[in-house]
Amino acid sequence: MPLVPMKQILDEAIKGNYGVGAFNVNNMEQIQGIMRAAKETNSPVIVQASRGALKYTNMYYIKHLVAAAVEDNPEIPIALHLDHGNSLETCKLAIGLGFTSVMIDGSLKEDSKTPTTFDENVEVTVEVVRYAHGFGVTVEGELGTLGGIEDGVGSGKVKLTDPDEAARFIQLTGLDALALAIGTSHGAYKFKEQPKLAMDIISEVRSRVPATPLVMHGSSSVPPELIDIVNNYGGKLEHTMGVPMSSIQQAIKLGVKKINVDTDGRLAITGAIRKFFAENPSEFDPRTYFGAARQAVYEVVKGKMTDFGSAGRAGDYRPISLEEARRFYINF
Ligand code: G3H
Ligand code: 13P
Ligand code: ZN
């Protein structure tokens, strides 16, 4: 089957009340590890590429690696999503490459650092929605800025999502999925102790806009086992905690349907390669250590597909094409 619009994958997840992992990819081994996990668990999957990933792969390599994943896994619904698009231009580029979903992160200016006003966010998101829906492409937006609740409140850096604004934002923009700021942050160093997440924001938004799938960024669990592997084989990562799986499962029950994971894959790869070289110092065939990295990604992602509840759901529906999605938006 060709790439599927992300909207369909998330709408089905709402119907079945499960979450779908959106896994960041930058190379063949990550894609292969993720796809093996999807195939074995029979799970739909969202493969996402950041602007950094587009640059690293010179765009065409990511496009064709994902095309290979589609050809190799015809029974799995796969969406290709742009992670943290910063402008209409970047979204146009991704849509031109064949992405079936884009994120416009209008919570920040084009520099991806400076927070925007609500009106500025609406303006850029509407532009992207108009353009993307003309191709049947799904749009994810973001309201609020990421960061730990305790680190950020009052600092001016973190702004948790306001549920009333969220409902207004969805109505004004017509977007398909909304990323909420509930206290998570990107990267390995999220929390020093058990996190406090603003779960009530999810239920509050859900009660106002029940049909819109919600998205949780910064959802890596940073498992201590992965940190230990890195550190036991020469790494120097500090004590840290991620988002516990139990919190993610609670968020899914409350309305989150897309769960963004990048860091756990990075940790798995780094640990596997460090371990491999420590145990096989004379090995120099890249297939051996990249193979170990691919296996580590597969194991991490397989566990998440099971824990998020997407395992076993790949065959639940007939995937629609971008053309069908385009007609849906026109008639809407
Ligand atoms: O949200 C950011 C993702 O983890 C992607 O990271 O921009 O380094 O590729 P990146
Ligand atoms: P993590 O850094 O927690 O994996 O989050 C990734 C993410 O949100 C990508 O958009
Ligand atoms: Zn993110």
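Atoms considered below: every heavy atom in the structure, side chains included; atoms not considered: hydrogens, waters and symmetry mates. Order of appearance sets the numbers: ligands from 1, and atoms from 1 within every ligand.
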*Asks:* Report yes or no: do Asn86 and Glu110 form a side-chain donor-acceptor pair below 3.5 Å?
*Replies:* no
*Asks:* What orientation do Tyr289 and Phe277 show, parallel under 30°, tilted 30 to 60°, or perpendicular over 60°?
*Replies:*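 The rings of Tyr289 and Phe277 sit tilted, inter-plane angle from 30° to 60°.
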*Asks:* Counting heavy atoms not belonging to Glu75, are there more than 12 under 6.0 Å from its CD?
*Replies:*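 Counting other residues, nucleotides and ligands, CD of Glu75 exceeds 12 neighbours.
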*Asks:* Which of the listed options, His186, Arg266, Lys190, holds the heavy atom that is closest to atom 3 (O) of ligand 2?
*Replies:* Lys190
*Asks:* Atoms of ligand 2 less than 4.0 Å from Asp262 heavy atoms?
*Replies:* 1 (P), 4 (O), 6 (C)
*Asks:* Taking non-hydrogen atoms only, is Asp83 closer than 4.0 angstrom to ligand 1 via side chain, backbone, both or neither?
*Replies:* side chain
*Asks:* With atoms numbered from 1 as shown, which atoms in ligand 1 lie under 4.0 angstrom from a non-hydrogen atom of His186?
*Replies:*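 Those atoms are 1 (O).
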*Asks:* Run the numbers for me: atoms of ligand 2, each under 4.0 Å from some heavy atom of His84, listed by number.
*Replies:* 10 (O)
*Asks:* For ligand 1, is there an N or O atom under 3.5 Å from any N or O atom of Arg266?
*Replies:* yes
*Asks:* So, is Asp264 polar-close to ligand 2, with some N/O to N/O distance under 3.5 Å?
*Replies:* no
*Asks:* Please report which non-hydrogen protein atom sits nearest to atom 8 (O) of ligand 2, along with the residue it belongs to and the distance in Å to one decimal place.
*Replies:*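 Answer for atom 8 (O) of ligand 2: Gly218 N, 2.8 Å.
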*Asks:* Suppose I only count heavy atoms of His217 and a 4.0 Å limit; which atoms of ligand 2 are within that range?
*Replies:* 8 (O), 10 (O)
*Asks:* With heavy atoms under 4.0 Å as the rule, classify the contact between Ser50 and ligand 2 as side chain, backbone, both or neither.
*Replies:*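 Ser50 to ligand 2: no contact under 4.0 Å from either part.
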*Asks:* Determine the minimum heavy-atom distance between Thr100 and Ala79, stating which atoms define it.
*Replies:*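 So the minimum-distance heavy-atom pair works out to OG1-CA, 3.6 Å.
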*Asks:* Are side-chain heavy atoms of Val45 and Met35 found at a separation under 4.5 Å?
*Replies:*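 They are in contact (side-chain heavy atoms under 4.5 Å apart), so the answer is yes.
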*Asks:* Do Ser246 and Gln249 meet the criterion of a side-chain donor-acceptor pair at a distance under 3.5 Å?
*Replies:*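 Per modelled atom types, Ser246 and Gln249 side chains form no pair under 3.5 Å.
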*Asks:* To which protein heavy atom is atom 9 (C) of ligand 2 closest, and what is the distance rounded to 0.1 Å?
*Replies:*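 Nearest protein contact, heavy atoms only, for atom 9 (C) of ligand 2 is Asp83 OD2, 3.2 Å.
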*Asks:* Side chains of His133 and Asp176: any donor to acceptor distance under 3.5 Å?
*Replies:* yes
*Asks:* Near His84, which atoms of ligand 1 are under 4.0 Å from a heavy atom of that residue?
*Replies:*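 Matching atoms, with element in brackets: 1 (O).
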*Asks:* Could you identify the single nearest non-hydrogen protein atom to atom 2 (O) of ligand 2 and state the distance to 0.1 Å?
*Replies:* Thr263 OG1, 2.6 Å
*Asks:* Side-chain donor-acceptor pair under 3.5 Å between Gln295 and Glu299, yes or no?
*Replies:*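 Present: a donor and an acceptor within the cut-off.
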*Asks:* Does Glu283 CD have over 12 foreign heavy atoms under 6.0 Å away?
*Replies:* yes
*Asks:* Surrounding NZ of Lys253 (heavy atoms of other residues, nucleotides or ligands, distance under 6.0 Å), is the total greater than 12?
*Replies:*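 No, the 6.0 Å shell around NZ holds no more than 12 heavy atoms from other groups.
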*Asks:* Would you say Gly187 has any N or O atom under 3.5 Å from an N or O of ligand 2, going by distance alone?
*Replies:* yes
*Asks:* Which of the numbered atoms in ligand 2 are below 4.0 angstrom from a heavy atom of Val261?
*Replies:* 4 (O)
*Asks:* Closest by any non-hydrogen atom to atom 9 (O) of ligand 1: pick that one out of Ser50, Ser220, Ser112.
*Replies:* Ser50
*Asks:* Could you list the atoms of ligand 1 found under 4.0 angstrom from a heavy atom of Asp262?
*Replies:*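 Counting from 1, the qualifying ligand atoms are 3 (C), 4 (O), 5 (C), 6 (O).
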*Asks:* What atoms in ligand 1 come closer than 4.0 Å to a heavy atom of Asn24?
*Replies:*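 Within the 4.0 Å cut-off of Asn24, ligand 1 contributes 3 (C), 5 (C).
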*Asks:* Restricting to N, O or S atoms, which atom of His217 is closest to the Zn ion (ligand 3)?
*Replies:*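 Output for this pair reads ND1.
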*Asks:* Give the name of the N/O/S atom in His186 that lies closest to the Zn ion (ligand 3).
*Replies:*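 Relative to the Zn ion (ligand 3), the closest nitrogen, oxygen or sulfur of His186 carries the name NE2.
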*Asks:* Going by distance alone, is a donor N or O of one side chain under 3.5 Å from an acceptor N or O of the other, for Arg51 and Ser112?
*Replies:*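 Yes, side-chain donor-acceptor contact under 3.5 Å.
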*Asks:* Report, in ascending order of atom number, the atoms of ligand 2 lying under 4.0 Å from any heavy atom of Asn24.
*Replies:* 9 (C)
*Asks:* Could you tell me whether Asn260 approaches ligand 1 through its side chain, its backbone, both or neither, with non-hydrogen atoms closer than 4.0 Å?
*Replies:*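 Looking at Asn260 and ligand 1, no heavy atom falls under 4.0 Å.
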*Asks:* Among Glu140, His81, Gln48, Lys258, find the residue that satisfies the side-chain hydrogen bond (donor to acceptor under 3.5 Å, both in side chains) test when tested with Ser101.
*Replies:* His81
*Asks:* Check Glu324 with Arg327, please: is the shortest side-chain N to carboxylate O separation under 4.0 Å?
*Replies:*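 Glu324 and Arg327: not salt-bridged.
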